[in-house]
2 protein chains.
Amino acid sequence: MSDKINNLSVDCVVFGYEDNQLKALLIKRDKEPEANKWSLPGSYVYLDEPIEKAAQRVLLELTGIHDIFLTQVGIFGEVDRYPQHRVISILYCALVRPEMFELLAGSHAKEVSWHEINSLEKLPFDHNQMLDAALNWLKDELWRKPILINLLPEKFPLNQMQELYQLILQNPIDNRNFRKKVISQGLVEKLNEKSKGGQQRPAFLYKLKVPL
Amino acid sequence: MSDKINNLSVDCVVFGYEDNQLKALLIKRDKEPEANKWSLPGSYVYLDEPIEKAAQRVLLELTGIHDIFLTQVGIFGEVDRYPQHRVISILYCALVRPEMFELLAGSHAKEVSWHEINSLEKLPFDHNQMLDAALNWLKDELWRKPILINLLPEKFPLNQMQELYQLILQNPIDNRNFRKKVISQGLVEKLNEKSKGGQQRPAFLYKLKVPL
DNA sequence: CCAAAAGTGTTGTAACTACACCCATGA
DNA sequence: TCATGGGTGTAGTTACAACACTTTTGG
């Protein structure tokens, strides 16, 4: 492996949906600065490494998550954003189903775990701004592309999808309008299956329709 | 001035509106690689320099344009985008009125001038992709924010504004719908003045309304 | 008076909002 | 049978697209 670029890093916001909560994947930092603090997974880019590859590698090394769909959502380049020296960081965002991966702390991560978005302490550096940027990106994209495909289980009742939308958008949505919209837009496909194990009336299951 | 970051540069797409054409500002490169080719103005970022400041500086040094509103529109980080070594470039875009600035080639620019968007030869490196990215950004933003404020003269007839929209969006717009829209959205304000010097019926002048 | 550009209204459609009740099931 | 979440329809509003003629002026 060649040299790393000292002034360029990638950071990743990985969102997951679990226990009816929207969560982000954080690592506990091993080294100074900010040792033992929870922060976004991130690290340097190598000289001969495409930036997105770097993001994939970093996620794998630090958290065990691999081969997921990543999107660039911003650049963070304040001169003093990192205390030790100038680092410009490129922010990536991904959506995953937590149950799909076994978390595995590695490299400079002491621990990895999912943290509920709304009950986070202050993160180091500019990671709170990064998280905000990622959330805003997510809100923006939500109705444009079927990006939830990696956040929702394969089959789900519509009301669960609605809850997730509400969690992300942070405001309530009218149930009838929501159903009309996702169905008429062809975002989802109704299955001939009903949820089981609920305490009440079973719901029809849907799956996301991905445009060819 | 401190060291430059060898792997990080900024490039700028500056759009201008002149002679009823949408133009981009290009420099003729002084040095290898691609000496004597027209390309986007760009250069390295210094270690202690905020990225946008770098873009402002680079524009001033190369073209004489200064203190304009710049927006980040993308990152170009392909490993081999620049032949000599790895450079990640951050792309900025600006809109200016050509008549407001005197162009002044400096630094590694041999010449500077405005080039009509639709009759450009192939640009070096990935500058064509950058231009496309900037154009797409412009198309996207066009109806969202009054970004034309720096592209149109202070006072203009509505039909000129429409022409500019058509140039950018690359398709025709219905004149009545256009007028209704920009007026009802409060984008423009009608003045008590008419254009002079035209060969036909004078038009009322408008100015852009900037939201507080 | 004529050429050229300025300016003007209506109608249909699609998308969104707001809103309240009955239904099916498991306990 | 009842508590719980699942599921449905209508009406008003707003934004947009399509479309053709009259008006004003300078030459």
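The analysis underlying the following values was restricted to heavy atoms, covering all of them including side chains, and did not include hydrogens, waters or symmetry mates. Order of the sequence lines fixes the chain letters, A, B, ..., with proteins taken first and strands second; residue numbering starts at 1 for each chain.
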- Students should find that the nucleotides of DNA chain D closing off the region near chain B, any atom under 4.0 angstrom from a heavy atom, are D:dC16 to D:dG26
- A:His108: partners by ring-ring contact (aromatic ring centres under 6.0 Å, His included), with sequence neighbours left out: none
- Side-chain H-bond candidate by donor/acceptor type, A:Asn175 with A:Gln162, under 3.5 Å: yes
- Taking side chain to side chain donor-acceptor pair (under 3.5 Å) as the test, write out the residues that go with A:Arg176, two or more places apart. none
- Message: Working to the nearest 0.5 angstrom, can you tell me the gap between A:Ile88 CD1 and A:Ile75 CD1?
- Response: 9.5 Å
- Task: With sequence neighbours excluded, tell me which residues meet ring-ring contact (aromatic ring centres under 6.0 Å, His included) with B:Phe76.
- Result: none
- Note on the structure: Residues at least two apart in sequence or cross-chain that pass ring-ring contact (aromatic ring centres under 6.0 Å, His included) with A:Phe101, listed by chain then number, are A:His66
- Message: I'd like the 5' and 3' limits of the part of DNA chain C contacted by chain A, with heavy-atom contacts below 4.0 Å.
- Response: C:dC16 to C:dG26
- Message: Give the dot-bracket line for DNA chain C from 5' end to 3' end: parentheses for intra-strand Watson-Crick or G-U pairs under 3.5 Å, square brackets for crossings, | for inter-strand pairing, dots for unpaired.
- Response: |||||||||||||||||||||||||||
- Task: Keeping to residues at least two apart or across chains, list the salt bridge (charged side-chain N to carboxylate O under 4.0 Å, His left out) pairs with something in residues 11-20 of chain A.
- Result: A:Asp11-A:Arg81, A:Glu18-A:Lys23, A:Asp19-A:Lys23
- Query: Between B:Gln200 and A:Lys190, which is nearer to the 5' end of DNA chain D once each is assigned its nearest nucleotide?
  - Reply: A:Lys190
- Message: Classify A:Lys180 by what it touches in the nucleic acid, base, sugar-phosphate, or nothing, heavy-atom distance under 4.0 Å.
- Response: base
- Query: Should the pair B:Phe178 and B:Tyr165 be assigned to parallel (<30°), tilted (30 to 60°) or perpendicular (>60°) ring geometry?
  - Reply: perpendicular
- Task: Tell me, please, which residues at least two apart from A:Tyr206 pass ring-ring contact (aromatic ring centres under 6.0 Å, His included).
- Result: none
- Task: For residues B:Gln72 and B:Ile90, report the shortest heavy-atom separation together with the two atoms involved.
- Result: CG-CG2, 3.7 Å
Show the atom names and distances, to 0.1 Å, of all donor-acceptor pairs under 3.5 Å that link a side chain in residues 136-153 of chain B to residues at least two apart or in another chain.
unit_1   : atom_1 : unit_2   : atom_2 : d
B:Asn136 : ND2    : B:Asp132 : O      : 3.3
B:Glu141 : OE1    : B:Lys145 : NZ     : 3.1

- With DNA chain C as reference, determine whether A:Arg176 or A:Arg201 sits nearer its 5' end, using the nearest nucleotide of each. A:Arg176
- Query: How long is the gap from OH on A:Tyr82 to OG on A:Ser89, to the nearest 0.5 Å?
  - Reply: 10.5 Å
- Item | Residues in contact with DNA chain D, drawn from residues 154-173 of chain B - heavy-atom cutoff 4.0 Å | none
- Query: Residues two or more places apart in sequence or in another chain: which of them pass salt bridge (Lys or Arg N to Asp or Glu O under 4.0 Å) with A:Glu193?
  - Reply: A:Lys155
